[in-house]
Amino acid sequence: MGLENLAHGFHLAITPFNVFMAVVGILLGTVIGVLPGLGGANGVAILLPLTFTMPPTSAIILLTSLYWGALFGGAITSILFNIPGEPWSVATTFDGYPMARQGRSGQALTAAFTSSFVGAFFSIVLITFFAPILAEVALKFGPPEFFAIQLLTFSSFVGLGGGNPLKSLVSILIGFILAAIGLDIVTGQLRMTFGFTDLMKGFDFIVAVIGLFGIGEILLSVEEGLTFKGTRTGMNLRVVLDTWKVLPRYYRTFVRGSFIGFWMGFKPGGATPASFMSYAFAKRFSKHPERFGKGEIEGVIAPETAAHAAGVAAMLPMLTLGIPGSPTAAVMLGGLIIWGLQPGPMLFVDKPDFVWGLIASMYTGNILGVIMVLAGVPFFAAILRIPFAILTPLIVVVCAIGAYAVHSSMIDIWYMLIFGVVGYVFKKLDYPLAPLVLALVLGDLAENALRQSLIMSQGSLAIFFTRPIAGAITLVAIFFFALPVITPWWRRLRGVPAAAPAPRET
Amino acid sequence: MRIADLLTAVILALGGGLVVYDSVRLGIGWGSDGPRSGFFPFWLAVIMIVACVAIMLQALRRTPTELFLTRERLGPVLKVLWPATAAVVLMQFVGLYVASAVYMGFYIRWVGRHRWVTVIGLAVAIPVVTFIVFEQWFLVPMPKGPLETWLGY
């Protein structure tokens, strides 16, 4: 049944208009991935208002293609400029930049794009087969199960996200509280507006994403006095073909990276740890671990495969459960709601065209993407030679346009500026932004699930424990929430010294 | 860094207090048809206040290390922030296109010290391109002012 649907999906994905959308999306996405201050999440957020009038399938193809483009773009800046555009490209700089310094940037870029493609492809194949099964299972879920999954999502930020768990928790709560502000659609009462009519509409997550990630990121990068000292690209067909000849030798690294990426990626915040883990494994199993960090091609393959596999895998829970695995997926989920689609397993039943068109477009989008970035590297690298004094106001203007376009309201541009300053301060103080955005997007859904569950149980919280599936998920969630407390205690018990804190996702 | 950390936690806790106050007004218990409006925000805010107090205690126990911001580092940040704020103020009166032309021109000249040709070229070209893309192609209206009215839009 799956293959038949997929064939139908391809039928939709390769219409001229949808292919055109994919090309535009990849192009814009790569530019956005290369530019400092603009990443996948706020690129999607800025473009979202332009898709309101499009057919949903074309709109999602545009936005997902932008996401693939941004994932590819991150590798360009990491290798050529030693600046990771996204947190999951940090590990790519370890060997990518030394390779570029040795004049092997063409090889490094080819390896990075090819491994991104392999990782992505692996995840897409798994999504093709697992998504319908997972959706089938999820169809039997009621409100308690969905609320338990929400708990699990957020608990993994606290327990596995790295950084300060208390601050992760506070970020999540801020997101939920912001989502609650304004009109409560269930009771019709106004919440936390304190008489201000402007607050009635509440805070839109698109505006928050643009402010937190867009403006906040610019402020952070000017403070750090970012300058670009790039190396030459040195890309041509010969280099690409020569690199492709050596790549099959590293098939083990590809397979390992793909599995790590997929496994980590369908849980939220998985791409960054996946890339580091894959790098560490590649080094451990290598015959020449001493070459890592000095320009070993395997050190580029490993993190890129895993990061891209994880980035794609983040789409799986978004499609089947309505729970996004990354901030970018969260913005897309918000898009689904705006287009009038109900995210979650019912999508597979009600809108098979949309779902399978999207899955098929993941194949075509990534194939188009790898060809476009391989051919376009000199062009994309040239973008970074634009002086900072021109890029900065341009990005601010683009962000303002994106924020205004959501509701055509001036106040949203002010919110964007305020969110920008908040994002800057939060990033400096190590409050993670990704869970805040996820909570803001999921706030209403989570509250409704909680309300309905409590109505089912006449107000007893026991309902989250007595139903078998909900109970199991809730217990895992509680375990993750408790993990920051358990870990030091467990270590002390066994006499193991505390480990270095894990790198933080966004 | 420690003071900034403490201050942020205090502000967030106060915000939480505000939410608790309003939630209690709305009712945090059980209504005729399920939990009342204040139920969910109330518990969120209570947990947030507890977490903020814990963050404050953490920060107090730590010895102060590096500064949150030095004067030299604050400079460039403000240099981005105040022109952007001014541009948003300007937008209310002259619309987005004129405001972004003035803002971009000012910033490129003042921070970048580019030649006037570059400054004026970009300050005119970028708003014009945005206008064509948003107003003509995608039909997404942006805030407009007297100039656009005069031009007949």
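So you know, we letter chains A, B, ... as the sequences are listed, proteins then strands, and number each from 1.
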Selection from A/Val425, A/Ile181, A/Ile401 maximising heavy-atom pairs under 4.5 Å formed with chain B: A/Ile401
What residue in A/Phe52, A/Phe176, A/Phe426 has the most heavy-atom pairs under 4.5 Å with chain B? A/Phe176
Side chain, backbone, both or neither: which part of [X] has a heavy atom under 4.5 Å from chain B?
X	value
A/Leu417	side chain
A/Ile177	both
A/Leu450	side chain
A/Met410	side chain
A/Val421	side chain

Can you name the residues that form a side chain to side chain contact (heavy atoms under 4.5 Å, CB included) with [X], not counting sequence neighbours?
X	value
B/Ala4	A/Leu429, B/Phe68
B/Val50	none
A/Ala179	A/Leu440

Chain A heavy atoms under 4.5 Å from B/Phe106: which part of the residue, side chain, backbone, both or neither? neither
Cut-off 4.5 Å, heavy atoms of chain A, and the answer for B/Leu44 is both
Which atoms form the tightest heavy-atom contact between [X] and [Y], and what is the distance?
X	Y	result
B/Pro76	A/Val222	CB-O, 3.8 Å
A/Leu190	B/Leu26	O-CD2, 3.6 Å
B/Pro41	A/Ala180	CG-CB, 4.4 Å

With side-chain contact (heavy atoms from CB on, under 4.5 Å) as the criterion, how do B/Met104 and A/Leu394 come out once you've worked through the C-alpha distance, each side chain's angles and the decisive distance to 0.1 Å? CA-CA 7 Å; B/Met104 291 206 56; A/Leu394 185 63; 4.2 Å; yes
Tabulate, with distances rounded to 0.1 Å, every donor-acceptor pair spanning chain B and chain A at under 3.5 Å.
| from | atom 1 | to | atom 2 | distance (Å) |
| --- | --- | --- | --- | --- |
| A/Asn164 | ND2 | B/Gln58 | OE1 | 2.9 |
| A/Lys167 | NZ | B/Asp5 | OD1 | 2.9 |
| A/Lys167 | NZ | B/Asp5 | OD2 | 3.2 |
| A/Asp184 | OD2 | B/Ser37 | OG | 2.6 |
| A/Thr187 | OG1 | B/Ser37 | OG | 2.4 |
| A/Gln189 | OE1 | B/Ser37 | OG | 3.0 |
| A/Arg191 | NH1 | B/Ser37 | O | 2.7 |
| A/Met192 | N | B/Asp22 | OD2 | 2.6 |
| A/Glu223 | OE2 | B/Arg73 | NE | 3.4 |
| A/Glu223 | OE2 | B/Arg73 | NH1 | 3.3 |
| A/Lys428 | NZ | B/Phe68 | O | 2.7 |

Step through the shown structure and confirm whether more than 12 heavy atoms of other residues, nucleotides or ligands are within 6.0 Å of CD1 on B/Ile3. no
Give a yes or no on this: more than 12 heavy atoms of other residues, nucleotides or ligands lie within 6.0 Å of atom CE of A/Met200. no
Just give me the residue among [options] that pairs up with chain A most often, heavy atom to heavy atom, under 4.5 Å.
options	value
B/Ile47, B/Val88, B/Leu81, B/Val140	B/Val88
B/Ile126, B/Val119, B/Val111, B/Val80	B/Val80
B/Leu96, B/Ile55, B/Leu78	B/Ile55
B/Ala87, B/Ala51, B/Gly38, B/Pro83	B/Ala51

